[in-house]
Number of protein chains: 2
Amino acid sequence: MARAATTSDAFNAIAEPRRRDILTYLAIRERQVGEIVTAVGIDQPSVSKHLGVLRRVGLVHVRRNGRHRLYRTNAEAIRPLHEWTASFEPYWQHALLRVKQRAEAKMKSKSESDRNTYKEKP
Amino acid sequence: MARAATTSDAFNAIAEPRRRDILTYLAIRERQVGEIVTAVGIDQPSVSKHLGVLRRVGLVHVRRNGRHRLYRTNAEAIRPLHEWTASFEPYWQHALLRVKQRAEAKMKSKSESDRNTYKEKP
DNA sequence: AAATTACATTCCTATATAGGAATATGTCAA
DNA sequence: TTGACATATTCCTATATAGGAATGTAATTT
């Protein structure tokens, strides 16, 4: 079987770097396609196609205004991705915690006299 | 041009749902391939191939132990994804705020009887 | 050494791109 | 109406899968 469609879900849609650029650009406020073209630096048909993918998975909203179309990032649709990645947060060590653990490991193997000593780099 | 390789970066690697399942399973502690096969419910060659992709982008670590290979999620490699999604956090409404806004909207149009109702999935 | 166990890799195929080029559609302006 | 402008869509092609089947490889046991 081939890879899943980019329109199957947000995870597939954001795999493409240009689409991430577009989402970042459209997060602050809505923009018309021409602005996206100059901002992201790819040609108009490509931008329209990427916008189509993003729209189909709900990552952007569109609004018509005359002959322009105003796109805006739907930040809510990024929340599930954020929550998935956040589920791994307990497993990565913050720099401070790592230092502490290293210090504690050292305490076990040596004396306890300097229990409160923090060594930045051994 | 075709789509970027799944091994090009973590964003592409996690586009595949089974790989996300594997990452979640391997986050808590290291497991041998056989355990992953039974846990995730796909056949062994597929699991090995997914593990290969995850390893190439650094999302898992491997360790050999006899005839077993012990895989473990490298949570650090998920941090960049987390940070990218977090950059959109200012643009979505926090749950508490949403509840408050919904409650206020409801107060205007209806009664206050169900103000504390919370819907987990909209 | 042979058999077994645990994984990885190769081969094959249907499918879904993503970009470029060309064209179509829709809207405003003169 | 005609033309200009803004955006979407279609057509074409090279490429990268992901799954299934079969096979290869390394370590352990008998």
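Here the structure is a predicted model, which is why all the values come from computation and not from measurement. Throughout, a chain's letter reflects where its sequence line sits, starting with A, and its residues are numbered from 1. Just the heavy atoms: all of them, side chains too, but no hydrogens, waters or symmetry mates, feed the values below.
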Nucleotide C:dA8, atom P - distance to CG of B:Asp43 in whole Å: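 For the pair B:Asp43 CG and C:dA8 P, the rounded distance is 13 Å.
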Other ILVMFWY residues reachable from B:Leu70 by side-chain steps of under 4.5 Å: none
Between B:Asp21 and B:Thr24: side-chain donor-acceptor atoms closer than 3.5 Å: no
Considering residues at least two apart in sequence or located in another chain, which fulfil the side-chain hydrogen bond (donor to acceptor under 3.5 Å, both in side chains) criterion with [X]?
X       : result
B:Ser48 : B:Gln44
B:Glu16 : none
A:Glu30 : A:Arg63
B:Tyr91 : none

Candidate nucleotides D:dT17, C:dG20, C:dA18, ranked by approach to the side chain of B:Arg3 - the nearest: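 The answer is C:dA18, which lies nearest to the side chain.
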Pairs involving residues 11-55 of chain B, ordered by first then second residue, that meet ring-ring contact (aromatic ring centres under 6.0 Å, His included) (sequence neighbours left out): B:Phe11-B:Trp84
With A:His68 via side chain to side chain contact (heavy atoms under 4.5 Å, CB included) - residues at least two apart: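 Result, side chain to side chain contact (heavy atoms under 4.5 Å, CB included) vs A:His68: A:Gln32.
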For nucleotides 23-25 of chain C, give me every protein contact, N/O to N/O, under 3.5 Å, one pair per line with atom names.
none

Phosphate-side-chain proximity, B:Ser48 and C:dC7, N/O vs OP1/OP2 below 4.0 Å: no
Contact list please: [range] against DNA chain D, heavy atoms, distance less than 4.0 Å, in numerical order.
range                     : value
residues 27-39 of chain B : none
residues 62-74 of chain A : A:Arg67, A:His68, A:Arg69, A:Tyr71
residues 7-22 of chain B  : B:Glu16, B:Arg18, B:Arg19

Side-chain donor or acceptor of A:Arg19 paired with backbone N/O of A:Ile14 under 3.5 Å: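 Side chain of A:Arg19 to backbone of A:Ile14: no pair is present.
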Contacting residues from residues 49-61 of chain A, given that a heavy atom lies under 4.0 angstrom of DNA chain C: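 Close to the strand are A:Lys49, A:His50.
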Within-4.5 Å side-chain heavy-atom neighbours: A:Arg79 and B:Thr85: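 The answer is no, as the side chains (C-beta and beyond) never meet within the 4.5 Å cut-off.
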